[in-house]
Visitor: 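The structure is given below, and queries will be raised subsequently.
Scope of the values below: all heavy atoms of this structure, side chains included, with no hydrogens, waters or symmetry mates. Letters A, B, ... mirror the listed sequences (proteins, then strands); counts begin at 1.
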Protein chains: 2
Amino acid sequence: MSRLIELPTRADARGALTFIEGGRHIPFPLARIFLIYGVAPGYDRGHHAHRRCRQVVIAMSGAVTVAIEDGSTSSRVRLDSPMTGLLIEPMEWHTLEDFAPGTACLVLASQRYDEADYIRDHDAFRREVARDARAGPQAQR
Amino acid sequence: MSRLIELPTRADARGALTFIEGGRHIPFPLARIFLIYGVAPGYDRGHHAHRRCRQVVIAMSGAVTVAIEDGSTSSRVRLDSPMTGLLIEPMEWHTLEDFAPGTACLVLASQRYDEADYIRDHDAFRREVARDARAGPQAQR
C-alpha cells in the first residue's frame, strides 16, 4: 500500500541536501529514474499502474498531487518538499495532477523500462485487481 | 574526463519526461542519488573530489555552474536543463556555484556513501593527483 517516506536530509543556513541509497532509504534498488517537468497547465501525467515496478515520487521543486487507487480504496496526497517521497506499489493506479507552475518531479523506479509491466487501460486494471483478489494473497505479485 | 551527457527525453505539448537507467543512459549503476536545493544566495556546494565515485549532475530546475579541476586543466559548465547531465569522474575537484534562485540539483552517484572516498582538502587533492601522475596510468584508479 502506498505510503510517505521521510528522506534523510541535512539542512542548514547554506542549503539542504537529501540523499537516497537504493535498498537503504527506499525499499528497492535504483534501476531507473525519470524526471517530469514543464507540464502545461491543466495537464496530468501517469494514468497507469505497474504489475511489478515499485516507485517513489518526489517533488524536487513546486508541488503535485498524486491520486492513487488500488481497486478498493483511493487516496490523494499533495507533495511539495524534496524531503518526502511517496511510495507507490504495484497494482496501484496513479495519476499526477494539479502541477504547480515550475514543478519538477523525480520518480525512482525498481525496474528498468518494460512496456509489458504497464497497465494503461483502467478497465483492464480493475479486472486484474479483481482476479488477483479472487486468487488470494499467495497468488499476488 | 568530465563531459556532458544528453539524456533521453520525450517532450510534447503536455510536458517533458527524461528517463535514465543506470548502466545504460549513464555509464554506471545507480547506487545513490542526492538532491541539492534551497541553497542560500552566495553559497557554493561541493569543494571536494572523489577517489572512486563517478557522478552525474543535473539541474532539475533553475541553473547552476559546475567548476571542475583535474590537476592540469579546469573548466566551468553552466547547467540549466534536465535534458543534460554533467559527468564528473573520480579525481576531479568540483564546486557547484552561482545557483539561480529556486535551483534544484539532482546528483547521481556510482557508489554508496563512504567518507573515505572523499578528498576534502585541496592541497591533499593536488598531492594525490601528482602522485597518480608519477605512478603512471596503470596505477591509476
Visitor: Taking atom CD1 of Ile119(B) and atom CZ of Arg127(B), what is their separation to the nearest 0.5 Å?
Guide: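 The distance works out to 10.0 Å.
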Visitor: Report the distance from atom SG of Cys53(A) to atom NE2 of His48(A), rounding to the nearest 0.5 Å.
Guide: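 Separation between the atoms: 8.5 Å.
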Visitor: With hydrophobic residues grouped by side-chain heavy-atom distances under 4.5 Å, do Met83(B) and Ile26(B) end up in a single group?
Guide: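 Yes; tracing contacts between hydrophobic side chains, which count when under 4.5 Å, links both residues.
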Visitor: Please answer: with hydrophobic residues joined when any side-chain heavy atoms are less than 4.5 Å apart, are Ile88(A) and Leu4(A) in the same cluster?
Guide: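 Yes, Ile88(A) and Leu4(A) fall within the same hydrophobic cluster.
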Visitor: Using a 4.5 angstrom heavy-atom cutoff, name the option from Gly15(A), Ala16(A), Pro29(A) with the most pairs to chain B.
Guide: Ala16(A)
Visitor: Report yes if some heavy atom in the side chain of Ile5(A) is under 4.5 Å from a heavy atom in the side chain of Arg3(A); otherwise report no.
Guide: yes
Visitor: Can you check whether anything in residues 30-46 of chain B gets within less than 4.5 Å of chain A, heavy-atom wise, and list it by number?
Guide: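 So the qualifying residues are Leu30(B), Ala31(B), Arg32(B), Ile33(B), Phe34(B), Leu35(B), Ile36(B), Tyr37(B), Gly38(B), Val39(B), Ala40(B), Tyr43(B), Arg45(B).
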Visitor: Establish whether Ile20(B) and Phe28(A) are linked, either directly or via other cluster members, by ILVMFWY side-chain heavy-atom contacts under 4.5 Å.
Guide: yes
Visitor: Counting only heavy atoms closer than 4.5 Å, note whether Ala11(B) contacts chain A via side chain, backbone, both or neither.
Guide: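 For Ala11(B), no heavy atom lies under 4.5 Å from chain A.
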Visitor: Does anything in residues 109-118 of chain B reach chain A? List residues with heavy atoms under 4.5 Å apart, or say none.
Guide: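 Against chain A, the residues of residues 109-118 of chain B that fall inside the cut-off (heavy atoms, under 4.5 Å) are Arg112(B), Tyr113(B).
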Visitor: Tell me whether Arg126(B) at atom CZ has more than 12 heavy atoms from other residues, nucleotides or ligands lying less than 6.0 Å away.
Guide: no
Visitor: Could you tell me whether Arg10(A) atom CZ has more than 12 heavy atoms of other residues or ligands within 6.0 Å of it?
Guide: no
Visitor: Can you hop from Leu108(A) to Leu87(A) via hydrophobic side chains spaced under 4.5 Å?
Guide: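 Yes; tracing contacts between hydrophobic side chains, which count when under 4.5 Å, links both residues.
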Visitor: Any side-chain to backbone donor/acceptor pair from Thr95(A) onto Trp93(A)? Under 3.5 Å, distance only.
Guide: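 Judged by distance alone, no pair lies under 3.5 Å.
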Visitor: Taking side chain as C-beta onward, heavy atoms only, is Leu86(B) less than 4.5 Å from His94(B)?
Guide: no
Visitor: Quick check: under 4.5 Å, non-hydrogen atoms only, which of residues 97-106 of chain A neighbour chain B?
Guide: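 Checking residues 97-106 of chain A against chain B gives Ala104(A), Cys105(A), Leu106(A).
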Visitor: Do His122(B) and His47(B) have side-chain heavy atoms sitting under 4.5 Å apart?
Guide: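 Counting from C-beta outward, His122(B) and His47(B) never come under 4.5 Å.
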Visitor: Please report the closest heavy-atom contact between Leu7(B) and His25(B), naming both atoms and the distance.
Guide: CD2-O, 4.5 Å
Visitor: Name, in order of residue number, those residues of residues 56-72 of chain B that have a heavy atom at a distance of less than 4.5 Å from a heavy atom in chain A; otherwise write 'none'.
Guide: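 When heavy atoms of chain A are the reference, residues 56-72 of chain B contributes Ile58(B), Met60(B), Ser61(B) within the under-4.5 Å range.
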Visitor: So, for Arg52(A) and Pro90(A), which heavy atoms are closest and what is the spacing to 0.1 Å?
Guide: O-CG, 3.3 Å
Visitor: Donor-acceptor check, side chain of Arg54(A) to backbone of Pro27(A), threshold 3.5 angstrom: yes or no?
Guide: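 Yes; judged by distance alone, with no hydrogens or angles, the pair exists.
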Visitor: Measure the spacing between CE of Met91(B) and NE2 of His50(B) and express it to the nearest 0.5 Å.
Guide: 11.5 Å
